[in-house]
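Notes to accompany the following structure.
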Amino acid sequence: MKLFQRLRGGVETQRLLLRRWEHKDFRAYVPIVSDPEVMVPAGCQPANSMEAASVMFSRDMRNDLCYAVVLRETGEVIGRFKFQGDLRRFHVNSLSVGYELRRDQWGRGYMTEALAAMITYAFEKKKVDVLAVSHYADNERSKRVIEKCGFRFEGIVPWACKRFDGRICDDVCYSILRVDYINGLEANAQGHPPT
Ligand SMILES: CC(C)(COP(=O)(O)OP(=O)(O)OC[C@H]1O[C@@H](n2cnc3c(N)ncnc32)[C@H](O)[C@@H]1OP(=O)(O)O)[C@@H](O)C(=O)NCCC(=O)NCCS
């Protein structure tokens, strides 16, 4: 089964479209980036004013590694997804991912669906050799998303980061290497799960 369909400027899944941000998305962007329960677990500073949200929005609009997560059926923007530099690796062709979903959309499998498609996109189109992701130790939802998408656990960095609510967190790190990605494809093609 084809996991995603490459569109001009976006990636399509069964229920979602991940595409570049457009000016018309600002109204939908604000409630996502203003919610501390969404932003703080993701390691981002919540926007505490329209001005702050506008600055963040302009930055995401200019960044071609940042995507709006859109419901295909309604066109509603429900989240953010981005590729970014992998701060734990040097001189390696790697990226890491970050994502946030509006709170009323949690628990419906949307981010698992988005991340699965973006893994394929990263290896097939962006030609990365390593795709990395991490979550703070208490972020069980993100942990499940990462596990369901087949990332390999690397280890825990204790006291990795002081979050925007002042709490010091351990960072739980994962990656997929190109060799694992290829093995997974081959195992799927042969009808048995990857090792
Ligand atoms: C992390 C986030 C993107 C998850 O998106 P989502 O679309 O809700 O994820 P899914 O529905 O695919 O999966 C959520 C999983 O967490 C599980 N879950 C839900 N609530 C949970 C809880 N309180 N404790 C533990 N697990 C929980 C769900 O059961 C599901 O796992 P399952 O499929 O095995 O049942 C979303 O919660 C979010 O935006 N959080 C704030 C930002 C953030 O943390 N970003 C990630 C930074 S690393």
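Position 1 is the first residue of the sequence; numbering continues from there. Here the structure is a predicted model, which is why all the values come from computation and not from measurement. Read the numbers this way: they start at 1 and go in the same order the structure lists the ligands and their atoms.
- Here the heavy atom of the protein found nearest to atom 4 (C) of ligand 1 is Val145 CG2, 3.7 Å.
- Atom 24 (N) of ligand 1 has Glu140 CB, 3.7 Å as its closest protein atom, hydrogens excluded (heavy atom only).
- We find that Arg178 and Glu124 are not joined by a salt bridge, their nearest charged nitrogen and carboxylate oxygen being 4.0 Å or further apart.
- The nearest protein atom to atom 11 (O) of ligand 1, hydrogens excluded, is given as Gly109 N, 2.7 Å; this is a heavy-atom distance.
- Not less than 6.0 angstrom separates the ring centroid of Phe123 from the ring centroid of Tyr121.
- Given atom 36 (C) of ligand 1, the protein heavy atom at minimum distance is Trp106 NE1, 3.5 Å.
- Heavy atoms of Lys148 come nearer than 4.0 angstrom to ligand 1 in at least one pair.
- For atom 17 (C) of ligand 1, the choice among Arg80, Gln105, Glu100, Arg144 with the nearest heavy atom turns out to be Arg144.
- Evaluated by nearest non-hydrogen atom to atom 44 (O) of ligand 1, the leading choice among Asp138, Thr112, Asn139, Val97 is Asn139.
- Between Arg88 and Asp171 there is a salt bridge, since a side-chain N of the basic residue sits under 4.0 Å from a carboxylate O of the acidic one.
- Not a single protein heavy atom sits closer than 4.0 Å to atom 2 (C) of ligand 1.
- Using 4.0 Å as the threshold, Gly79 has no heavy atom nearer than that to any atom of ligand 1.
- In this structure, the protein non-hydrogen atom closest to atom 23 (N) of ligand 1 is Arg141 NH2, 3.8 Å.
- Within a 4.0 Å radius of atom 47 (C) of ligand 1, the protein contributes one or more non-hydrogen atoms.
- The protein atom (non-hydrogen) at minimum distance from atom 41 (C) of ligand 1 is Val38 O, 3.4 Å.
- Residue Ser134 has at least one heavy-atom neighbour below 4.0 Å for each of these atoms of ligand 1: 48 (S).
- A donor-acceptor pair shorter than 3.5 Å cannot be found between the side chains of Ser142 and Tyr136.
- With salt bridges taken as basic N to acidic carboxylate O contacts below 4.0 Å, none links Lys148 and Glu113.
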